J.: 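Sharing a structure here in structure tokens format.
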There are 2 protein chains.
Amino acid sequence: MATRPYTHSLERLRMAGLRPTRQRLALVRLLFERGDRHVTAEQLHAEALANGTRISLATIYNSLHQFTSAGLLREVVVDPARRYFDTNVSVHHHFFHEDDGVLHDIPGDRITLAGLPDAPGGTEIDRVDVVVRLRSARG
Amino acid sequence: MATRPYTHSLERLRMAGLRPTRQRLALVRLLFERGDRHVTAEQLHAEALANGTRISLATIYNSLHQFTSAGLLREVVVDPARRYFDTNVSVHHHFFHEDDGVLHDIPGDRITLAGLPDAPGGTEIDRVDVVVRLRSARG
DNA sequence: GTGTTTGCAAAGTGTTTGCAATTTA
DNA sequence: TAAATTGCAAACACTTTGCAAACAC
């Protein structure tokens, strides 16, 4: 059965307390209508433009951060040069292909972490990230 | 028993195939004579200057990368804004305190990872990083 | 002496910000 | 129309690079 993408995206923004502007709607559609995605600001900007959406890079950055604060996205730190945003906000981990910068999800229940030390005094664990770094196999 | 820091640092550079220049020797001493450390380029630069070593930030960056290529250091990716270098190159993981940017080691044998998926076809696992992100405990 | 290393200053990359114009409700 | 949002251009933080002078061997 077909979903109603426009309404769905609109409601997603409303639920997040964000005004459904033309730009935000376009981004929400790009981000969430194609399953789990990992994007950088530049990638998303290029996609939006290719898609016919006039939007500035500044607005992309603003929106990615607003979406992240609202819990619609989460950031993945794997590369000191770029910020990746992940449409999957459930507990999970990542493969990161260092040669081409591509990220893939590893389901959260796939990996078991045992022996995790307690958080040091005065702190609490925000989250635990596992990154499996890949290289192209040698010849 | 006292070690011989100067000779030790000198040999460390020689073994890495790097000419023991005044700057590199100073950095090796700062990095390796105080146990395991996690530094950024700016931090190390400030330390070197405070220490009386005249050295440019460009040389700090060059040296950190040369040391990393030589296996003396490894990079830790936890913050998209900064590159951290770790003097502990054995298998281990990290606590990262998000509020103040401080890193602490978790011994490699402390955490057990089970169920790690195989590397996708054509790739091989370079390494697996576990980052435990901490926040100050709320009141 | 020859090749390596350094350091400056300039350039580069990705991200953030100030503010006037535009848009939403 | 009041408040939120956008987009430009400038500013920013950090890192890298080109090249002449200094240094190691």
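Chain letters run A, B, ... following the sequence lines, proteins first and then strands; every chain starts at 1. The model shown is predicted, which means the values in this text are computed figures rather than measured ones. Values reported hereafter were calculated over all heavy atoms of this structure, with side chains retained and with hydrogens, waters and symmetry mates removed.
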J.: Would you say A:D100 has more than 12 foreign heavy atoms packed within less than 6.0 Å of its CG?
T.: yes
J.: What distance separates B:H93 NE2 from B:L103 CG, expressed to the nearest 0.5 Å?
T.: 14.0 Å
J.: How many whole angstroms separate atom CG of A:L18 from atom P of D:dT5?
T.: 7 Å
J.: State whether B:T21 places a side-chain N or O below 4.0 Å from either non-bridging phosphate oxygen (OP1 or OP2) of C:dT5.
T.: no
J.: Calculate the interatomic distance between A:E75 atom CD and C:dG14 atom P; express it in whole Å.
T.: 15 Å
J.: For A:H65 and C:dT15, is the shortest distance between a side-chain N/O and OP1 or OP2 below 4.0 Å?
T.: no
J.: Quick check for you: to the nearest 0.5 Å, what is the distance between A:L31 atom CG and A:R24 atom CZ?
T.: 13.0 Å
J.: Quick one: is A:R54 getting a side-chain N or O under 4.0 Å of the D:dC8 phosphate, OP1 or OP2?
T.: no
J.: Which of the following nucleotides, C:dA25, C:dG7, C:dT17, is nearest to the side chain of B:I55?
T.: C:dG7
J.: What nucleotide among D:dG7, C:dT6, D:dT5 has an atom nearest to a side-chain atom of A:R22?
T.: D:dG7
J.: With a 4.0 Å limit, can you tell me whether B:Q23 has a side-chain N or O closer than that to the phosphate oxygens OP1/OP2 of C:dG7?
T.: yes
J.: Would you compute the distance between atom CZ of A:R133 and atom CD of B:E124 and round it to the nearest 0.5 angstrom?
T.: 15.0 Å
J.: Does C:dT23 have a Watson-Crick or wobble mate here (both distances under 3.5 Å), and if so which one?
T.: D:dA3
J.: Provide, to the nearest angstrom, the distance between the CZ atom belonging to B:R83 and the P atom belonging to D:dA13.
T.: 19 Å
J.: Checking all strands, does A:P20 fall into the base, sugar-phosphate, or nothing category for heavy-atom contacts under 4.0 angstrom?
T.: sugar-phosphate
J.: Does A:R19 contact C:dT24 through a side-chain donor or acceptor facing the base, at a distance under 3.5 Å?
T.: yes
J.: Tell me: CG of A:L57 to P of C:dT17, nearest whole Å?
T.: 14 Å
J.: Examine D:dC14: is either OP1 or OP2 under 4.0 Å from a nitrogen or oxygen in the side chain of B:R82? Give yes or no.
T.: yes
J.: Searching all strands shown, indicate the nucleotide that pairs with D:dC8 (Watson-Crick or G-U wobble; both distances under 3.5 Å).
T.: C:dG18
J.: Using whole Å, what does the distance between atom P of nucleotide C:dG7 and atom CG of B:L64 come to?
T.: 14 Å
J.: From C-beta outward on A:Y61, which listed nucleotide comes closest to its side chain: D:dG7, C:dG14, D:dT5?
T.: C:dG14
J.: Hey, what's the ring geometry for B:H38 with B:H92, parallel, tilted or perpendicular (30° and 60° as the breaks)?
T.: tilted
J.: Return the nearest nucleotide to the side chain of B:A58; candidates are D:dA24, D:dT17, D:dG7.
T.: D:dT17
J.: With rounding to the nearest 0.5 Å, note down the distance linking CG in B:N51 to CG in B:L30.
T.: 5.0 Å
J.: Rounded to the nearest angstrom, tell me the gap between atom CG in A:N62 and atom P in D:dT5.
T.: 10 Å
J.: OP1 or OP2 of C:dT5 less than 4.0 angstrom from a side-chain nitrogen or oxygen of B:R24, does that happen here?
T.: yes
J.: Which one, C:dT15, D:dC25, D:dC8, comes nearest to the side chain of A:A41?
T.: C:dT15
J.: Taking only N and O in the side chain of A:S56, is any of them less than 4.0 Å away from OP1 or OP2 of D:dG7?
T.: yes
J.: How many Å lie between CG on A:L13 and C1' on D:dT5, as a whole number?
T.: 13 Å
J.: Tell me: CZ of B:F67 to P of C:dT5, nearest whole Å?
T.: 11 Å
